Structures are given as C-alpha cells and as structure tokens.
Chemist: 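Before we start, here is the structure in question, set down as structure tokens.
Below, chains carry the letters A, B, ... as their sequence lines are ordered, and counting in each starts from 1. All of these numbers come straight from a predicted model, not from anything done at the bench.
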Amino acid sequence: MASWKRTHTCGELRLEHADSTVTLNGWVQNYRDHGGLVFIDLRDRYGKTQIVFDPKFDPTMHELARSLRAEHVVSATGIVSDRGEARNPKIPTGDIEIKARGLIILNRSEVPPFEIGTEEEPASEDIRLRYRFLDLRRPKMQRILMLRHQIVTAMREYLNSEGFLEIETPILSRSTPEGARDFLVPSRMHPGSWYALPQSPQLLKQILMVAGYDKYYQLARCFRDEDLRANRQPEFSQLDLEMAFVDMDGVLSVVEGMTLHLANKVMGKNLVGPFPRLDYDDAMERYGVDKPDTRFGLELVDITKLAHETEFSVFKSAGCVRGINAKGAAEKFSRKDLDQLTAFVQEQGAKGLAWMKVEADKLQSPIAKFFSDAQQAELRNQLQAEAGDVLFFVADAREKTHAPLNALRNKLGEDLKLYDPAELRFLWVIKFPMFEWDETERRFIAMHHPFTAPLEEDWPLLETDPAAARAQAYDLVLNGEELVSGSIRLHQHEKQMKIFELIGMNKEEQEKRFGFFLEALRYGAPPHGGMAIGIDRCVMEFAGVDSIRETMAFPKTQRGQDLMMGSPAEVEPKQLRELGLR
RNA sequence: GGGGAUGUAGCUCAAUUGGUUAGAGCACCGGACUGUCGAUCCGGAGGUUGCGGGUUCGAGCCCCGUCAUCCUCGCCA
C-alpha cells in the first residue's frame with residue numbers, strides 16, 4: 001500500500017500537473033454518487049479538488065468511495081487529468097480532477113450539525129461557537145485567521161527591519177488600580193495575595209525604556225474584566241510598541257510606515273502617507289466624536305445662534321443645536337423611517353430628533369412654522385441645503401449632542417451607502433485633553449492614562465485650568481474605529497508625581513501603587529513614547545467583519561463564556577483549599 | 001445594573017384572529033442513476049415549539065417568571 005501522505009494540497013493542482021500521480025489529503029466537502037461514477041470534492045485550507053471514482057477501474061475502491069460522507073478525512077491517490085469540456089470554471093483547480101487509483105479513509109465524521117462548505121453563515125452564532133472546531137474549518141473563517149496571520153507577520157517584518165526588539169512581559173502581573181477591572185489570580189504560595197492579568201504591558205514597557213531597549217514591541221495579550229460588546233472581548237491582543245529618544249512625530253512616523261506596509265502588502269492597497277491629522281477639538285466640533293469615519297462627509301453644522309432666535313422653544317432653550325444635511329435623501333425617508341431614526345438617536349441619549357425635508361420653495365417639517373422666512377433662508381445657507389435634502393437636528397447641552405449626532409452620522413453614512421466599504425481611510429487625532437472630570441468620583445481622571453505627558457506649552461495650565469490642558473496623546477483612526485492609541489510619556493519622576501497628584505492620588509498612594517515605577521524613573525529614564533494597536537479590531541476592519549469574535553479562534557460570548565470548552569467552570573475543592581480560598 | 005431583539009425538526013426558517021394531525025428547504029436514512037460540480041429522481045424517518053407556571057373549552061401564538069444568544073446604555077485609564 002502506498003503512503004497516505006499528501007504530495008500536494010487541495011488548492012494547487014493545475015493543468016500543468018496533468019498525467020502526474022499525486023496524493024491529496026483533506027475533508028470530504030461534497031459527494032455526488034451517480035451509481036456509476038462517484039465525485040468527491042476534497043477540501044483543505046488551500047482549496048478544493050474534485051476526485052472521481054470509476055467502478056471500471058476498481059469496484060472495491062468504488063464501493064468504499066460510495067460510503068464517503070461529509071467531513072470524512074481521506075487520502076486519495078490518483079492521476080491528474082484534464083477535465084476538458086467538463087471543467088468547472090468556478091474554482092481555481094477546476095481545469096483538472098484526480099482519477100482515483102487509491103483511497104484511504106483516515107477517519108470518519110459524525111454528521112456535522114451544520115454545513116462546512118457554504119459561504120453564508122450556516123448556523124446561529126451560539127451553535128457555531130459550541131462546535132467551533134467545525135466552524136473554524138469553514139473556508140470563510142480560515143481566510144480570516146490566515147489574514148490575521150499575515151497582518152501580524154507584516155507587523156513583525158516591518159518592526160524587525162526598523163531595528164525593534166520583541167520582548168515578552170509577564171501574564172501574571174500586579175494589580176494597579178486606575179482603569180478597567182482586573183482579572184485576579186490567587187497565589188498559592190502567598191495566601192491572600194493576588195496576581196492580576198495585565199490590562200496592558202504599559203508600565204513594564206516603560207521600564208524597558210529605562211533599561212535601554214529603545215525600540216521594543218510585543219504582541220501582548222491583554223485582559224479587562226468589563227462588559228462585552230461587538231468589538232470587545234475580555235482578552236484581546238495588542239501590538240504594543242515603545243521607543244526611547246523620540247517625540248510624537250517619531251512615533252507617528254514609525255506607526256504610519258508600519259500601517260502603510262500592512263495596508264499595501266497585506267491588503268494590496270496603494271496608499272501613501274502622511275495621514276491627515278485632526279485636533280481633538282476639531283474632531284468633536286465637526287463630527288461629535290474623537291474617532292470620526294472620514295470616508296464620507298455629513299459634517300455637523302452648529303446652528304445654535306440661529307436656533308436661539310427662532311420661536312421653537314426646544315431650540316431656544318438648548319445649550320447647543322447642531323445639524324446634519326443628508327444630501328438628496330428626502331425621498332428615501334418615509335415618515336416611519338424618520339420616526340425610527342428618532343428612536344435611534346434617543347437610544348443614544350438625545351431627547352429627540354428634529355427633521356426638515358427641503359423642497360424648492362419651503363421646508364417641510366413639523367417645526368418649520370417656528371422659523372421665519374429669513375430664518376429658513378439662513379438655515380438653508382448654513383447647511384448648504386438644496387431641494388431633496390433632509391436636515392436633522394439635535395438640541396441639548398453641547399456634550400450631550402455628541403453621541404447621538406455621531407451615531408446618526410454613521411448610520412446615515414451606512415444606510416445611504418455614502419462610502420465604499422472596502423476603502424481604508426486613516427486619520428490621526430491629536431492633542432487630546434489631559435483629563436476629564438469624573439462626576440461620581442469628584443476628581444479628574446486621565447483621559448488616556450496617567451503616564452501621558454502634556455503638551456510642553458500646557459504645563460502652566462495644569463496649575464490654573466487642568467481641564468484645558470492638552471496631552472501629547474494620539475489616536476490613529478481607521479474608518480471610524482480607534483485602531484491605535486498612544487502618547488509621549490512622562491519620564492521625569494517629579495512630573496509624573498505631579499500628574500498623579502492632579503488625579504487625586506496622594507504621595508502615600510503613589511508609593512503604594514506605583515512605587516516601583518516611580519523609583520525606576522529616578523534612575524536615568526530617557527524621554528520615550530509609544531502606542532498600542534488593537535490587533536483584533538485591525539483584523540475586523542481589514543476582513544470587513546463587524547464582530548470581534550470573527551477575528552479570533554476561540555472567542556467568548558457576551559457573558560464571557562466559552563461555549564465549546566465550557567469556561568469558566570467550577571474547580572475541585574482541593575484546588576481551592578490549596579489556594580487558601582475555602 | 002438598565003433597554004431592546006431572538007429562541008419551533010440536526011441546521012435555516014414558516015405556521016392567518018388563540019382552533020383539525022406544527023409545515024418547507026437543506027442535512028440524514030433507503031432506492032435508482034457513468035460527467036456531476038448547490039447533481040437529479042423516487043421513497044422514508046425526524047418535534048418536550050428553550051424551561052417553569054398561569055389564563056382559556058382549546059396556547060407555538062396571550063400573561064408572569066426564568067435561561068440562553070445577540071445588539072445597546074452604563075462600564076471599558
């Protein structure tokens with residue numbers, strides 16, 4: 001008996017291989033039994049190839065072939081043959097088929113709960129997660145995980161070529177409150193003490209800078225025990241990067257070079273830098289969000305001044321009224337659609353949604369009557385309105401208009417198909433505020449994180465008006481998703497202590513929580529800065545999927561469970577006793 | 001913790017106003033078939049309508065509770 005080991009994959013044979021004898025290994029995707037001829041589509045992650053069994057050649061093998069079912073694993077040996085007229089133009093290997101001379105069933109499969117070979121989603125997500133070993137066998141999932149591999153490979157390639165060192169930091173780490181809830185791991189050897197899983201390797205990578213590893217990166221697993229979303233998992237991956245002896249432009253140019261390398265090499269784009277930069281304040285003004293999707297316009301227009309002059313009491317009394325002009329969309333929105341949009345923005349915190357359909361000679365709207373002719377003309381002017389447009393307005397305190405308007409803008413962009421989903425549009429957002437006020441804790445908290453340096457010229461503001469101080473922090477936004485986030489760090493321990501103080505941490509707490517870090521800063525810490533890229537979100541964007549669960553092999557459900565292995569799970573009482581927990 | 005959607009055959013879904021024996025496609029099982037490629041044709045089997053309770057002469061459908069999955073607000077330095 002010949003070897004069952006494959007000589008080729010199921011995706012590589014072409015006409016040029018005709019007449020050679022080959023062996024393929026793979027899963028049976030489909031069988032077509034004609035009583036006489038039996039056709040098998042054999043699939044692996046490289047593709048699929050048709051095998052044909054002819055009873056005239058070997059009746060025993062033909063009978064065996066008739067017993068093949070979906071997802072059996074087989075080794076098929078045979079001769080590569082030109083299919084001639086019978087070729088299948090739909091698949092890359094469709095010019096040839098294998099005329100079987102040998103068949104070994106390596107393993108049979110139970111009837112799978114859903115079909116593996118189809119492109120459309122074959123089952124609901126919980127079924128797919130429960131049978132993840134089958135779900136991941138689907139060509140679509142294999143494409144995504146292969147893309148993910150290419151992305152991280154390209155990242156490593158680029159950074160290695162730039163002289164970066166890949167250095168690992170511990171998973172068993174220490175809780176440093178501030179930020180997300182930690183996952184804790186009890187220590188057996190120190191009962192009552194706990195490790196924490198890292199939310200990011202932030203402090204350790206800064207300490208690596210102190211130690212002189214001036215270009216560092218790591219594909220770091222990060223853990224945050226917070227509620228999940230479509231783009232949030234309790235554990236996720238970051239490309240974590242830090243550089244010493246750089247300023248903001250130094251970091252940005254490396255990240256930009258790497259991002260272009262990724263987009264161009266992996267995605268076959270032809271993008272060039274530099275990416276546009278937008279100040280945080282301008283982003284909030286024009287888009288209502290710090291991560292605008294700039295593939296389309298629909299910028300916000302502030303009509304507060306005009307609104308205050310109208311007779312519409314909601315507008316007159318609101319702190320801020322801002323609008324969006326949905327160009328040419330009047331006929332696309334029925335009254336029912338507009339009601340649904342109103343409900344949509346209310347979910348985002350808006351009190352309501354005012355709308356106006358623009359006609360040649362008037363504005364059609366329940367609130368048009370509150371606007372004088374001159375005011376209507378001015379409104380048209382400010383929003384550059386033309387017949388056929390729909391104008392939307394949200395009125396509220398300024399901060400409260402941001403979320404609903406951004407959500408509305410993104411929804412309109414998507415619903416009205418204002419952009420090409422395949423386009424990759426990058427944008428730097430810079431000059432974030434240092435702090436935001438936390439009403440429940442009655443103190444400032446760091447907007448990025450408390451290790452971020454302010455703009456040099458804003459140091460004086462920290463004494464007089466901390467809320468106005470801006471940080472040397474930067475985000476790289478891709479299609480409305482925050483892809484990269486980073487900052488130049490504080491490297492002088494007095495300045496670091498000053499910032500800790502401003503967020504309400506006294507010297508005692510500083511020493512207790514971050515003593516090791518402050519100490520390191522005293523021993524010749526160089527100026528440094530860096531950033532982190534969310535790998536999973538990056539894959540989401542590049543693969544064009546809208547759930548982070550599609551980008552990782554074994555994701556957890558919204559309630560943090562693995563439906564296949566059944567985690568989290570109870571453990572033996574003995575294990576708890578050893579940990580001193582019971 | 002709050003709001004919302006969904007849950008019917010292995011899978012995806014349907015089932016009129018609460019009314020006869022809960023249907024279809026795919027998958028599965030048996031049979032026919034030598035050029036199919038989502039094979040085709042004939043036949044068959046397959047149901048705790050998520051779970052528990054209630055209303056009713058009668059519940060897949062209405063009510064209450066609960067569980068699961070998803071979306072979302074809060075949360076995520």
Chemist: Which nucleotide in the set B/U34, B/A27, B/C76 lies at the smallest distance from any side-chain heavy atom of A/Arg232?
Modeler: B/C76

Chemist: For nucleotides B/C64 and B/C11, find the distance between their P atoms and express it as a whole number of Å.
Modeler: 29 Å

Chemist: What's the closest nucleotide to the side chain of A/Asp41 if the choices are B/C37, B/C11, B/U69?
Modeler: B/C37

Chemist: Select base, sugar-phosphate, or nothing to describe what A/Gln50 touches, counting heavy atoms under 4.0 Å on all strands.
Modeler: base

Chemist: I'd like the P distance from B/A32 over to B/U8, given in whole Å.
Modeler: 37 Å

Chemist: B/C11 C1' sits how many Å from A/Glu120 CD, rounded?
Modeler: 12 Å

Chemist: Taking the same atom, C1', in B/C61 and in B/A15, what whole-Å distance lies between them?
Modeler: 10 Å

Chemist: Regarding A/Lys90, tell me which of base, sugar-phosphate or nothing describes its non-hydrogen contacts under 4.0 Å with the strands shown.
Modeler: sugar-phosphate

Chemist: Under 4.0 Å between any heavy atoms, over every strand shown, what does A/Ala123 touch: base, sugar-phosphate, or nothing? Just pick one.
Modeler: sugar-phosphate

Chemist: Considering the options A/Glu115, A/Glu120, A/Glu121, which one meets the salt bridge (Lys or Arg N to Asp or Glu O under 4.0 Å) requirement together with A/Lys140?
Modeler: A/Glu121

Chemist: How close or far is atom P of B/G38 from atom CG of A/Asn88, stated in whole angstroms?
Modeler: 7 Å

Chemist: Any side-chain donor-acceptor pair under 3.5 Å between A/Gln202 and A/Gln206?
Modeler: yes

Chemist: Take A/Gln561 and A/Pro55, find for each the nucleotide of RNA chain B with the closest heavy atom, and name the residue whose nucleotide sits nearer the 5' end.
Modeler: A/Pro55

Chemist: If we take the C1' atom in both B/G52 and B/A68, what is their distance in whole Å?
Modeler: 15 Å

Chemist: Pick base, sugar-phosphate or nothing for A/Arg66, based on heavy-atom distances below 4.0 Å to the nucleic acid.
Modeler: base

Chemist: Check the phosphate of B/G38 against A/Tyr31, side-chain N and O only, distance under 4.0 Å to OP1 or OP2. Yes or no?
Modeler: no

Chemist: Does B/U36 pair with anything, Watson-Crick or G-U wobble, both distances under 3.5 Å, and if so, with which nucleotide?
Modeler: none

Chemist: Any side-chain donor-acceptor pair under 3.5 Å between A/Asp536 and A/Gln233?
Modeler: no

Chemist: Can you check whether A/Ser124 has a side-chain N or O nearer than 4.0 Å to OP1 or OP2 of B/U69?
Modeler: no

Chemist: Taking only the side-chain heavy atoms of A/Pro113 (C-beta and beyond), determine which of B/C73, B/G10, B/U36 contains the nearest atom.
Modeler: B/G10

Chemist: Indicate, with a heavy-atom threshold strictly under 4.0 Å, whether A/Pro450 touches base, sugar-phosphate, or nothing.
Modeler: base

Chemist: Can you tell me the distance, in whole Å, between the CZ atom of A/Phe39 and the P atom of B/U40?
Modeler: 14 Å

Chemist: Please determine whether a side-chain nitrogen or oxygen atom of A/Gln558 lies at a distance below 4.0 Å from atom OP1 or OP2 of B/A68.
Modeler: no

Chemist: Ignoring hydrogens and angles, does a donor from either the side chain of A/Arg229 or the base of B/G74 sit under 3.5 Å from an acceptor on the other?
Modeler: yes

Chemist: Could you identify the nucleotide paired to B/U16, looking across every strand shown and requiring Watson-Crick or G-U wobble geometry with both distances under 3.5 Å?
Modeler: none

Chemist: For B/G7, which nucleotide in any strand shown is its Watson-Crick or wobble partner with both distances under 3.5 Å?
Modeler: B/C67

Chemist: What distance, rounded to whole Å, do you find between the two P atoms, one in B/G74 and one in B/G3?
Modeler: 15 Å

Chemist: Under 4.0 Å from OP1 or OP2 of B/C71: is there any side-chain N or O of A/Arg549 that close?
Modeler: yes

Chemist: Between A/Gln472 (side chain) and A/Pro454 (backbone), is there a donor-acceptor pair under 3.5 Å?
Modeler: yes

Chemist: Is it the case that the side chains of A/Thr342 and A/Asp339 hold a donor-acceptor pair, with the cut-off being a distance below 3.5 Å and no angle test?
Modeler: no

Chemist: Is there a Watson-Crick or G-U wobble partner for B/C61 with both distances under 3.5 Å, and if so, which one is it?
Modeler: none

Chemist: Mind calculating the distance between CD1 (A/Ile127) and C1' (B/U8) to the nearest angstrom?
Modeler: 13 Å

Chemist: So, is A/Arg69 near the phosphate of B/C29, with a side-chain N or O under 4.0 Å from OP1 or OP2?
Modeler: yes

Chemist: The side chain of A/Asp33 is closest to which nucleotide in this list: B/C76, B/G35, B/C33?
Modeler: B/C33

Chemist: Could you state the CZ-C1' distance from A/Phe344 to B/G3, rounded to the nearest angstrom?
Modeler: 14 Å

Chemist: Between B/C28 atom P and A/Arg108 atom CZ, what is the distance in whole Å?
Modeler: 14 Å

Chemist: Starting the side chain at C-beta, find the nucleotide from B/C75, B/C71, B/C26 nearest to A/Glu115.
Modeler: B/C26

Chemist: Report yes if a donor N or O on one partner sits less than 3.5 Å from an acceptor N or O on the other, where the partners are the side chain of A/Lys99 and the base of B/G35; otherwise report no.
Modeler: yes

Chemist: By nearest heavy atom, map A/Asp54 and A/Asn231 onto RNA chain B; which one lands nearer the 5' end?
Modeler: A/Asp54

Chemist: For a quick check, tell me whether the side chain of A/Gln346 and the base of B/G3 share a donor-acceptor pair closer than 3.5 Å.
Modeler: no

Chemist: Which whole number of Å gives the distance between the P atom of B/U17 and that of B/C63?
Modeler: 15 Å

Chemist: So what does A/Leu129 touch, heavy atoms closer than 4.0 Å: a base, only the sugar-phosphate, or nothing?
Modeler: nothing

Chemist: Select base, sugar-phosphate, or nothing to describe what A/Ser547 touches, counting heavy atoms under 4.0 Å on all strands.
Modeler: nothing

Chemist: Take atom CG of A/Asp562 and atom C1' of B/A68, then tell me their distance rounded to the nearest Å.
Modeler: 15 Å

Chemist: Between A/Arg489 and A/Ser487, does any side-chain donor sit less than 3.5 Å from a side-chain acceptor?
Modeler: yes

Chemist: Given ring-ring contact (aromatic ring centres under 6.0 Å, His included), test A/Phe517 with A/Phe500 step by step and report yes or no.
Modeler: CA-CA 12 Å; A/Phe517 177 65; A/Phe500 281 156; 7.4 Å; no

Chemist: Sub-3.5 Å donor-acceptor pair from the side chain of A/Arg138 to the main-chain atoms of A/Met141, do we have one?
Modeler: no

Chemist: In whole Å, what separates the C1' atom of B/C29 from that of B/G10?
Modeler: 13 Å

Chemist: Would you mind classifying the nucleic acid contact of A/Ile91 as base, sugar-phosphate or nothing, using non-hydrogen atoms under 4.0 angstrom?
Modeler: nothing

Chemist: Taking atom P of B/G31 as reference, at what distance in whole Å does atom NE2 of A/His34 sit?
Modeler: 17 Å

Chemist: Which nucleotide in the set B/U69, B/G35, B/G74 lies at the smallest distance from any side-chain heavy atom of A/Arg559?
Modeler: B/U69

Chemist: Side chains of A/Asp293 and A/Tyr287: do they bring a donor and an acceptor to under 3.5 Å?
Modeler: no

Chemist: Which whole number of Å gives the distance between the C1' atom of B/C67 and that of B/G58?
Modeler: 28 Å

Chemist: Below 3.5 Å, does any donor atom in the side chain of A/Arg83 face an acceptor in the base of B/C37, or the other way round?
Modeler: yes

Chemist: Less than 5.5 Å between centroids and less than 30° between ring planes, does A/Phe114 satisfy that with B/C11?
Modeler: no

